[in-house]
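To keep things clear, I will list the structure first and then write my remarks on it.
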Amino acid sequence: MRRLVSPVMLLLLLCGVAAHAQELVPRTVIAFYDGSIDKRWRDTTIHQMAELPLNHLGLVLEPHDIDAPLPDLAARPDVRGILTWLPADAMPRPEAYLDWAGNAIDMGKRYVMMGVGGFAADRAGRPASPAKIDRFLARLGLKDERFWSAFPYKARPVFVDREMIGFERPLTAVFPPFAAMRVVDSSARSHLTLRSEEEAITADLVVTGAHGGFAAADFANFYDAETERRQWIIDPFRFFRLAFATDDLPKPDVTTIVGRRIYYSQIDGDGWRNVSQIEERDRVGTRRHRRSIDLLIDAAVKPYPDLPVSIAPIAADLDPEWCGDAKAQEAARRAFAQPQVEAGSHTYSHPLDWAFFENATPEKERAFLRLYPRCGQDATRYGWSRFLDVFRRADAEPALPDLDLAGEGAKIGAYATPRSYATLPFDVDREITGAAAYIAKFLPAEKHVALLQWSGNTLAFPEAIRRARQAGLPAINGGDTRFDPERPSVGYVAPVGRYADGEWQVYASASNENTYSEDWTSRFFGLKYLARTLERTESPRRLKPFDLYYHVFSADRQASLNAVLAMLDLARQSEVAPLHTSQYARIADGFFHARLVKLGERRWRVEARGALATMRFDDADALAVDPARSSGILGERWYQGSLYVALDPSDPAPVIALATRNNGGTSTPMLLHSRWPISDLVRHGDAVAFNAAGFGTGEMHWTMPPGAYRWEARSGGVSRTGEATTDGASNLSLDLGPGEGETVAVSIARPGSS
């Protein structure tokens, strides 16, 4: 007898199929660190070495102190796996941790262990159960032979995967000591196997498998504590790609927009009131020295209207109640009047060591008061009557203790004072919203303060990051990315940002001139070497945007100003899409929050992406966007083996579907790349209409059905038109003319069509 399915059961079955068809693609990796040794997440090896490659693979790290309660993974479909790279083989409750980690693997989470496992013993030195350790390692396809090679110089390679080993540094002729770990599961693969005949041991030291991966201590990377030099031995991109199985993961990409490498530039306001050492002559030949900000505006801002820049004064340098004056204010007005200049804030009092102010009190800062500049705003003995009112009693002014200026008591971290100015006690709201409100006084009516550029060591405490987010101020700085002969490793390329107690701080994409000039003490031309970092973070894989980041004091000297001009000229020669820094900060913030929902075979929906503008697919030369099954897509571009898919900002949840690439042409107009970002794309047959806005020439390239086209660009009642014809590869190239950031409505259609 045939069994009938009831309508209710059919509905439940269909809902189940739909739920199964729409699966969240997990991107989060829980990264354990030992807070008893590494006091700050920023100082961990994971953050410094591993986070950038993992970000490049589309993964987001969630730091977790090994001393904290273990996270509940039952309701965490976003978690892809667990990563450990611990400095010691001990933790508070190793057996409970082993149970938790084993259950995580059973739930389908991948587990990657760099160096020691951390679970050999508890904090008191009591060893964990060998049986529990064995059961856990077996889940990874490993077996600990419990033999330590005391004579590693006698070991010889049995197998070396040359695609994995020797990425930046080759294996040494004499190996470091190692434990004998063996692969015991056919699904796991060893990339490096050593054999010591004298000791009769064989060890698998770099392993990836169906449940994660393992890299033995001192075989994944090299580190010299004396020089603080670090390099990768394994290829971290390949290792983490295999260990976390990221081939099926679309990669949210912060380096690219509308098919081109992002360019942005930010200037921190340090040195706003400096008088430049550069000697000039006026119209009658009189020698003069101008303030650095005035020289910078005339030399590096006004001559480059095609390159947007964010300029962020320190409010105290403008405010006469602190250290400002009329000349400083006029320079701000002049800078912000330039069409390509975005207004930023570099805080009010320029905090140098942010951690000092996390629990700020006036008393805490009192011992440093006499070290601050007086700037002439007060006539009291110390120049700090407004601050001292906090301590003042009715009978007398309190005495300030003498300071040993050569001793540690007179320094905060690397600084002599915790901030640059201290007319008033520290207030976090003044530093963020207060500074933005004061700087806004010097802006044209159509502009607003759009960005916060973190000051000093840039390590803003979580509440400061939270206040900036709540104020709607994108924020950036920190990271100090370099990749050059002095920093010869991708291990010096910072990740997208830093996690801080539930908040994300977006890093700058390149270091500023301070690290090139030994903290502004020598080699003032050093920013020229940014070109090496830009080259190495572009090829063989694009890791970072083009970021030109410097301070006003770069105009103090001719050598440093020349370096800035050289980098501006390099930007002009490069194929980039120039953005304001606040736009990049929003793009980077979108990276951390984007959700990917799998809708079926090679089809995804991108949610909660904010301003994130690009998804990348690696090893994708044979793939292309399927327009019929996609939505919210501007275009596609193949570069260095990857497919970059440009998303339309007007679609909050675009859908990307991929198909086998057809090299025979296209019937659907698709953007290939553009200097100007575009949005609101509408396709109608072989015609397109969209909005575009950018700086410099409006050069763009489309893939269109073959033939001749006419384009029109309209803005402010002015219309520009032109004609273009596709080449043999169906590429249509056109130039809309110069732009100053205004929005232009564009249409491209066959001649004579409406």
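Atoms considered below: every heavy atom in the structure, side chains included; atoms not considered: hydrogens, waters and symmetry mates.
- Salt-bridge formation is detected for the pair Arg466/Glu463: a Lys NZ or Arg NE/NH1/NH2 atom is positioned less than 4.0 Å from an Asp or Glu carboxylate oxygen.
- A side-chain donor-acceptor contact under 3.5 Å links Ser554 and Glu513.
- For the ring-ring contact (aromatic ring centres under 6.0 Å, His included) test with Phe426, the passing option among Phe357, Phe356, Phe368 is Phe357; the others fail.
- The ring-ring contact (aromatic ring centres under 6.0 Å, His included) test with Trp322 singles out one residue from Trp272, Tyr348, Tyr421, and that residue is Tyr348.
- Using a distance-only test at 3.5 Å, with no hydrogens or angles considered, a donor-acceptor pair links the side chain of Thr433 to the main chain of Asp429.
- Gln453 contributes atom CD, which lies 9.5 Å from atom CD1 of Ile311 (distance to the nearest 0.5 angstrom).
- Annotation: Tyr584 is in aromatic contact with Tyr264 [ring centroid separation under 6.0 Å].
- Between Trp41 and Phe32, the distance from one ring center to the other does not fall under 6.0 angstrom.
- Geometrically, Arg430 does not engage Tyr438 in a cation-pi contact defined by less than 6.0 Å to the ring centre and at most 45° from the axis.
- Residues Asn274 and Ile293 form no side-chain contact, since every pair of their non-hydrogen atoms from C-beta on lies 4.5 Å or further apart.
- Aromatic rings of Tyr372 and His350 (six-membered ring for Trp) have centroids beyond the 6.0 Å cut-off, not under it.
- Ring geometry, Phe553 versus His551: the interplanar angle falls under 30°, so the pair is classed parallel (tilted spans 30 to 60°).
- Ionic pairing of Arg40 and Asp43 is present here: one or more N-O contacts between side-chain nitrogen and carboxylate oxygen are shorter than 4.0 angstrom.
- A salt bridge links Arg291 with Asp325: at least one charged nitrogen is closer than 4.0 Å to a carboxylate oxygen.
- Taking a cutoff of 4.0 Å between a charged side-chain nitrogen and a carboxylate oxygen, Glu486 and Arg523 qualify as a salt bridge.
- Both tests pass for Arg557 against the ring of Phe524: distance under 6.0 Å to the centre and angle within 45° of the axis.
- A salt bridge between Arg290 and Asp294 is absent, with no side-chain N of the basic residue lying under 4.0 Å from a carboxylate O of the acidic one.
- Side-chain contact, Ser310 with Thr581: a donor N or O sits under 3.5 Å from an acceptor N or O.
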